[in-house]
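In this text, all values refer to a predicted model and were calculated from it rather than measured experimentally. Keep in mind that the numbers below use all heavy atoms, side chains included, and drop hydrogens, waters and symmetry copies.
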Amino acid sequence: MFRRRTALSVSATAALLAATPLLAACSGDAHPGAAAIVDGKRITVAQLQAKVKDVRAAQAKSPQGGQLIMNTGRLSLATLNGMIFDEVLARGAKDAGVTITRSDIQKWRARAEKQAGGAERLKAMWLQQGVAPDEVDAMVRNQLLLDGLAKHLGADRGKPQGQQKLAQALAKTSRSMGIDVNPRFGKWDDQQVILGETKDPWITTEHVRQQA
């Protein structure tokens with residue numbers, strides 16, 4: 001169920017300060033203060049930075065804090081990638097009529113915690129991937145949305161053909177949303193549904209996929 005993702009690689013405090021980038025936007029940007037524009041909606045640099053700091057603060061509290069921070073050295077890009085993908089997935093699921101309830105999230109998470117060896121262990125596993133403890137439910141929701149969308153499409157996520165079918169549907173949705181990323185963070189690829197050189201989130205989140 002859990003698959004570690006390869007990430008880029010002192011004290012936890014020193015590493016925290018070094019790894020938290022200054023993301024202030026320049027006044028000359030096409031979209032001042034925005035890290036990205038998704039379907040007309042601004043993802044601000046401040047929102048991105050807050051998420052990065054949330055993760056770094058949680059990692060710094062861990063006994064393995066220094067290593068965790070070093071292993072997620074491109075956290076800003078990965079986080080923005082995830083924020084944009086969240087919007088694409090939400091739109092794709094909505095268009096397909098996929099809905100997720102709070103009860104669905106709680107049930108999925110309870111099963112995942114049991115397999116992981118407890119709630120704290122599950123949070124620790126997510127933290128290794130750059131996900132803050134208070135974002136776990138959001139990640140669970142994404143897994144359920146992906147499952148629901150795949151079911152709607154008749155795509156088996158466990159097979160290459162199914163993954164390709166799901167990716168094509170998300171790419172179509174992505175193209176319709178006019179995604180514009182601040183150049184300092186790279187360029188969004190509608191075809192691959194990824195930001196720059198970051199990994200495809202609908203594949204990398206498989207490390208916490210719960211089989212019903």
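The shortest non-hydrogen separation linking G162 to A155 is O-CB, 3.4 Å. Across V181 and G186, no two heavy atoms sit closer than the pair CG1-O, 3.5 Å. Scanning all heavy atoms of the two residues, the minimum distance from L80 to A36 falls at CD1-CB, 4.3 Å. Between P133 and L127, the shortest heavy-atom distance links the atoms CD-CD1, 4.4 Å. Across every non-hydrogen atom of R42 and G33, the tightest pair is NH2-C, 3.7 Å.
For the side-chain contact (heavy atoms from CB on, under 4.5 Å) criterion with T173, the lone passing option out of V193, L89, V88, D190 is V88. When each of D189, I84, L195 is checked for a side-chain contact (heavy atoms from CB on, under 4.5 Å) with I179, only I84 meets the rule.
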Kindly indicate, with the supporting measurements, whether the criterion side chain to side chain contact (heavy atoms under 4.5 Å, CB included) is fulfilled by R157 and Q143. CA-CA 11 Å; R157 290 183 65 197; Q143 291 300 308; 3.9 Å; yes
For N81 and W188: C-alpha separation, side-chain torsions, deciding distance, then whether side chain to side chain contact (heavy atoms under 4.5 Å, CB included) applies. CA-CA 8 Å; N81 185 49; W188 182 257; 3.3 Å; yes
Show your reasoning for whether side chain to side chain contact (heavy atoms under 4.5 Å, CB included) applies to K51 and L75. CA-CA 10 Å; K51 281 184 174 289; L75 183 59; over 6 Å; no
How far apart are the C-alpha atoms of Q64 and Q59, what are their side-chain angles, what is the distance that settles it, and do they pass the side chain to side chain contact (heavy atoms under 4.5 Å, CB included) test? CA-CA 8 Å; Q64 295 80 36; Q59 289 177 334; over 6 Å; no
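With values rounded to the nearest 0.5 angstrom, M139 atom CE is found 8.5 Å from E135 atom CD. With rounding to the nearest 0.5 Å, the separation of CG in N142 from CG in D137 is 11.5 Å. Of the inter-residue distances, the one linking S62 atom OG with Q128 atom CD reads 8.5 Å to the nearest 0.5 angstrom. The NZ atom of K41 lies 10.5 Å from the CZ atom of R91; values are rounded to the nearest 0.5 Å. Rounded to the nearest 0.5 Å, atoms CG (L144) and CZ (R141) are 8.5 Å apart.
Within the 4.5 Å cutoff, the side chain of V136 has heavy atoms near those of the V140 side chain. Between E87 and D39, every side-chain heavy-atom pair lies at or beyond the 4.5 Å cut-off. Side-chain contact check for Q115 versus R111: every heavy-atom pair is 4.5 Å or farther apart. Inter-residue side-chain proximity for R175 and Q191 is flagged as met; some heavy-atom pair is nearer than 4.5 Å. Using a 4.5 Å heavy-atom cutoff, the side chains of Q47 and T44 are in contact. A heavy-atom distance below 4.5 Å is found between the side chains of L170 and F85. Counting only heavy atoms from C-beta outward, the side chains of L145 and L149 never approach each other to under 4.5 Å. Residues M83 and L48 have side chains in contact (heavy-atom distance under 4.5 Å, counting atoms from C-beta outward).
Side chains of T72 and R56: a donor on one and an acceptor on the other come within 3.5 Å.
Applying the side chain to side chain donor-acceptor pair (under 3.5 Å) rule to Q106 yields no partners; only residues at least two apart in sequence or on another chain are considered. Applying the side chain to side chain donor-acceptor pair (under 3.5 Å) rule to K165 yields no partners; only residues at least two apart in sequence or on another chain are considered.
Between E113 and R121 there is no salt bridge, since no side-chain N of the basic residue sits under 4.0 Å from a carboxylate O of the acidic one.
A donor-acceptor pair under 3.5 Å links the side-chain atoms of D104 to the main chain of T101, judged by distance alone.
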